[in-house]
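To start, the structure itself, in C-alpha cells.
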Amino acid sequence: MESIQAVRGMNDILPGQIEWWQKVERLAREVLENFGYREIRTPVVEKLELFSRGIGESTDIVEKEMYAFADRKGERLALRPEATASVVRAYIQHNLQADPITQKFFCLGPMFRHERPQKGRYRQFHQIDAEAFGSDDPMLDAEIMYMLRILLERLGLTGVVLHINSLGCPECRKTYRNVLREYLLKQADAFCPDCLRRRDLNPLRVFDCKVERCQSLLEAAPMLLDSICSDCAAHFDKVKIYLDGLQTSHVINPRMVRGLDYYTRTAFEVVTDQLGAQNAVGGGGRYNGLVRDLGGPDLPGIGFAVGMERLILLLQQGQEAQRRMPKVFLAALGDSARHKGFFLTQELRTLGIETEMDYEGRSLKSQMRRADRLNVGHVLIMGEDELAAGRIQLRDMNSKEQFLVPVEKAIEMLKESYLKTIRQDFFP
RNA sequence: GUGGGUGUAGCUCAACGGUUAGAGCACUGGGUUGUGGCCCCAGAGGCUGUGGGUUCGAGUCCCAUCACUCACCCCA
C-alpha cells in the first residue's frame, strides 16, 4: 500500500521542533498583549472577493498565488494568503470601532500561497500578525515598529535591520507614478524584460529588481520619497523622530516597495541576509484606505506580519531546542508490581508530576536505560520485594542516591522536588 | 509558473552496470536472575521516492512523475 504524503509545501511540525513554536507563540502573546493588542482568530477560509478587493486585483498574490475554489454551492472561496484583510473584515462586521476596550488586534496562524516552495518559503506558512485601527498619528507608526523590535529582541533574534520608507498617499503616489513611468520610458531598451513589464503594471516594483544593470539605471531615477506631498513628508518626519526617541535604529530605504496595493505612507520591513533568497522576516505598513474600501468606516490602520518559519529558521541557527522530557520514570519488575506501578504513575501525573513508565514488561536494565535517555531526575523502582513491603526505591539519577521508602513518602518527596517548578510552567 | 541540483535503514552517508545493498549514530536483547551513562556481543530495521524503459543483468544508464533543495518571479 502506497503511503500518503503531506501536500507539497505544507509541513508537519514535530516534537523537537514544536518547542520553538511554543516559545515564539508564548513570547508573541506576552509582548503584543503588553502593548494593548488583543488576540483575534478569524477563519482560514474567506470569500475570494475579500482578498481581490483588499489586497489588490493586480498583485501577484491575488493573480496567481491564491488557493481559490468553489464550494458545493458554487460560492467562490479562498484560503487566506495573509491576515490583514480578514482582520479588517471582522473589525467591520462586528462594529469593533465602537469597542472601548481595544482597537488593536493580533492574530497567529497559517496562511496559504501557491508558490514554489524553498527555504523560508512554504505554501502553508504561519504569521504573527498585528493590526491597529483608528489613528493616523505617527506615534502609532513608531510604536508598532518599536513593538516589533522588542518582540524580536525578546526572542533573541540578532542581525536584522529595520528598513522604513514612506509610500505617500494615493494622491502623491499617482503623480509620482507618472513621473517614474516617463523616466523608465526614456531608456526603455536598457531595462530587463521583467522591469518593462513592471513599468506598465506597477512601476514602483522596478525598485525590487535584482538585476544590477537595472539597479544602476535606477540610481538616477526620481524617488517617491522625494516627491511625496508636504503632509506625508511631515508625517514621515515625525515617525522618524519618535523612532529615534525610542532608540530604535532603522535605515531609510527609499527603494523599498511592498507588494500589496493597500499600503499608504509608512512602510517597513525587517530584513536579514541569512535566509537564502528570502530577505524579509517581517513587514508591514499603514493602510489608511483599506477599512473604507472593504465597506467599513473611513478609518486609518496600520499593521505588520512576521513569518514564523523564517523567524524560527533564524533562531535555530546552531541551536538545539530544549525537548520536553518527563520528570520521573517508574520502573516495575513483574506483573503485580507493574499493575501497582501503573496506578502510581497515573496518580503522580494527576498531581502534576510528569511521569513515564514502561508498558512492555522489559528488563530493569532496559527501563533504566530508557529513564536515562529521557533525562528524568528520579526513577521509582518497584519489584516484588518492595511491593510486599508497601515500599518503593526512589533513585536520584544525578546523585545516584537511592532510598527504600514507603510509597506515600516517595510521593511526598517527588511533590517537594517537582511541584513548584511545574506550577511555574503552567502559570508563568 | 521557469531553470539547475539531489532522492539508498528513523538520522548522516557508502556501494566500478555484476553474488544476498553496507557503516556510524539511534532502536531492541544480552554480557549483571533487580539498577542508567562507558565498553563488548548479538538482533531488528530497505519494493534503493514512485512508475516505465534500455540491458543477459539497474541503487548505478534513459524518460516521466513526486518530494526536497538552490536560483528566477514574488513575498512572511
- Query: Given that both distances must come in under 3.5 Å, which nucleotide forms a Watson-Crick or G-U wobble pair with B:A76?
  - Reply: none
- Note on the structure: Side-chain contact check for A:K400: nearest option of B:U2, B:G34, B:G36 is B:G36
- Task: Between B:C74, B:C70, B:G34, spot the one nearest the side chain of A:Q118, thanks.
- Result: B:C70
- Query: Side chain of A:R395: nearest nucleotide among B:G34, B:G36, B:U69?
  - Reply: B:G36
- Message: So, under a plain 3.5 Å distance rule, would you say the side chain of A:E386 forms a donor-acceptor pair with the base of B:G34?
- Response: yes
- Message: Taking only the P atom of each, what is the distance from B:U6 to B:A64 in whole angstrom?
- Response: 15 Å
- Item | Nucleotide B:A76, atom C1' - distance to CD of A:E131 in whole Å | 13 Å
- Task: Return the 5'-most residue of the pair A:L333, A:G9 with respect to RNA chain B, ranking by each residue's nearest nucleotide.
- Result: A:L333
- Quick one: label A:E82 by what it contacts on the DNA or RNA (base, sugar-phosphate, nothing), any heavy atom closer than 4.0 Å. nothing
- Message: Please name the nucleotide paired to B:U2 by Watson-Crick or G-U wobble geometry with both distances under 3.5 Å, or report none.
- Response: B:A71
- When we call it a touch if two heavy atoms are under 4.0 Å apart, what does A:E309 touch: a base, just sugar-phosphate, or nothing? nothing
- Query: Does a salt bridge link A:R265 with A:D141, judged by any charged N lying under 4.0 Å from a carboxylate O?
  - Reply: no
- Task: Starting at atom CE of A:M10, determine the distance to atom C1' of B:A67, rounded to an integer number of angstrom.
- Result: 14 Å
- Item | Any side-chain donor near an acceptor of the partner, A:Y287 and A:E131, under 3.5 Å | yes
- Message: Less than 3.5 Å apart, any donor N or O on the side chain of A:Y242 or A:E143 sitting next to an acceptor on the other?
- Response: no
- Query: Side-chain donor or acceptor of A:R116 under 3.5 Å from a matching atom on the base of B:C74?
  - Reply: no
- For A:Y176 and A:S227, which heavy atoms make the closest approach, and how far apart are they? CD1-OG, 3.1 Å
- Take the protein atom CG of A:L380 and the nucleotide atom P of B:U35, then report the distance between them rounded to whole Å. 17 Å
- Query: Can a side chain N or O of A:R8 be found less than 4.0 Å away from OP1 or OP2 on B:C68?
  - Reply: yes
- Can you find an N or O donor on one side and an acceptor on the other, under 3.5 Å apart, linking the side chain of A:R121 with the base of B:A76? no
- Task: Verify whether one side chain among A:T102 and A:R38 offers a donor that lies under 3.5 Å from an acceptor in the other.
- Result: no
- Message: Give me the distance, rounded to whole Å, that separates B:C13 from B:U65 when you measure between the C1' atoms they each carry.
- Response: 26 Å
- Message: With a 3.5 Å cut-off and heavy atoms only, can you find an N or O donor on one side and an acceptor on the other between the side chain of A:E115 and the base of B:A76?
- Response: yes
- How is A:R373 classified with respect to the nucleic acid when contacts are heavy atoms under 4.0 Å: base, sugar-phosphate, or nothing? sugar-phosphate
- Task: Between B:C56 and B:C47, how far apart are the C1' atoms? Round to whole Å, please.
- Result: 23 Å
- Task: Could you say whether A:Y122 or A:M397 is positioned toward the 5' end of RNA chain B, judged by the nucleotide with the nearest heavy atom to each?
- Result: A:M397
- Query: Side-chain donor-acceptor pair under 3.5 Å between A:Q127 and A:E82, yes or no?
  - Reply: no
- Task: For A:D385, answer base if it contacts any base atom (sugar-phosphate contacts may also be present), sugar-phosphate if it contacts only those atoms, and nothing otherwise; contact means non-hydrogen atoms under 4.0 Å.
- Result: base
- Message: Students often get this wrong, so: under 4.0 angstrom with heavy atoms, is A:Q124 touching a base, only sugar-phosphate, or nothing?
- Response: nothing
- Task: Please name the pair of heavy atoms, one in A:A331 and one in A:V379, separated by the smallest distance, quoted to 0.1 Å.
- Result: CB-CG1, 4.2 Å
- Query: Applying a 3.5 Å limit to both distances, which nucleotide forms a Watson-Crick or G-U wobble pair with B:G59?
  - Reply: none
- Item | Rounded P spacing from B:C25 to B:A21 in Å | 22 Å
- Message: When you measure from the side-chain N and O atoms of A:S363 to the phosphate of B:G30, is any distance below 4.0 Å, counting only OP1 and OP2?
- Response: yes
- Separation of the C1' atoms in B:U54 and B:A76, to the nearest angstrom: 47 Å
- A:M368 has a side chain; which of B:A76, B:U35, B:A67 sits nearest to it? B:U35
- Scan every strand shown for a Watson-Crick or G-U wobble partner of B:U65, both distances under 3.5 Å, and answer none if you come up empty. B:G49
- Counting heavy atoms from C-beta on, name the nucleotide in B:U35, B:A76, B:G1 closest to the side chain of A:H114. B:G1
- Between B:G29 and B:G34, how far apart are the P atoms? Round to whole Å, please. 14 Å
- Query: Got a salt bridge between A:K415 and A:E412, using NZ or NE/NH1/NH2 to carboxylate O under 4.0 Å?
  - Reply: yes
- Message: As a test of reading the structure: which of B:U28, B:G34, B:G36 is closest to the side chain of A:R362, going by heavy atoms?
- Response: B:U28
- Would you mind reading off the distance between A:L394 atom CG and B:U35 atom C1', rounded to a whole angstrom? 14 Å
- Message: I want to know whether A:F268 and A:H250 have ring centres closer than 6.0 Å.
- Response: no
- Query: B:G43 pairs with which nucleotide, Watson-Crick or G-U wobble, both distances below 3.5 Å?
  - Reply: B:C27
- Query: Could you state the CG-P distance from A:N279 to B:A71, rounded to the nearest angstrom?
  - Reply: 11 Å
- Message: For B:U28 and A:R370 - does any side-chain N or O of the residue sit under 4.0 Å from the phosphate oxygens OP1/OP2?
- Response: no
- Query: Considering only the C1' atoms, how many Å lie between B:G49 and B:A9, rounded to the nearest integer?
  - Reply: 14 Å
- Item | P gap between B:U55 and B:C66, integer Å | 28 Å
- Message: Just to be sure I understand the rule, does A:V281 reach a base, reach only the sugar-phosphate, or reach nothing, if contact means heavy atoms closer than 4.0 Å?
- Response: sugar-phosphate
- Query: If we ignore angles and hydrogens, is there a donor and acceptor under 3.5 Å between the side chains of A:Q367 and A:R370?
  - Reply: no
- Task: Report which part of the nucleic acid A:E65 touches: base, sugar-phosphate, or nothing (heavy-atom distance under 4.0 Å, all strands).
- Result: sugar-phosphate
- Task: Tell me whether the OP1 or OP2 atom of B:A76 has a side-chain N or O from A:Q278 closer than 4.0 Å.
- Result: no
- Query: Could you state the CG-C1' distance from A:L374 to B:C27, rounded to the nearest angstrom?
  - Reply: 13 Å
- Query: In the strands shown, is B:G22 matched to any nucleotide by a Watson-Crick or G-U wobble pair with both distances under 3.5 Å, and which?
  - Reply: B:C13
- Message: Tell me the interatomic distance from A:I392, atom CD1, to B:G34, atom P, rounded to whole angstroms.
- Response: 17 Å
- Message: Nearest to the side chain of A:P117, heavy atoms from C-beta on, is which of B:C68, B:G36, B:C70?
- Response: B:C68
- Using atom CZ of A:R369 as one end and atom C1' of B:G37 as the other, report the distance to the nearest whole Å. 11 Å
- Item | Any N/O donor-acceptor pair, A:Q402 side-chain to B:U35 base, under 3.5 Å | yes
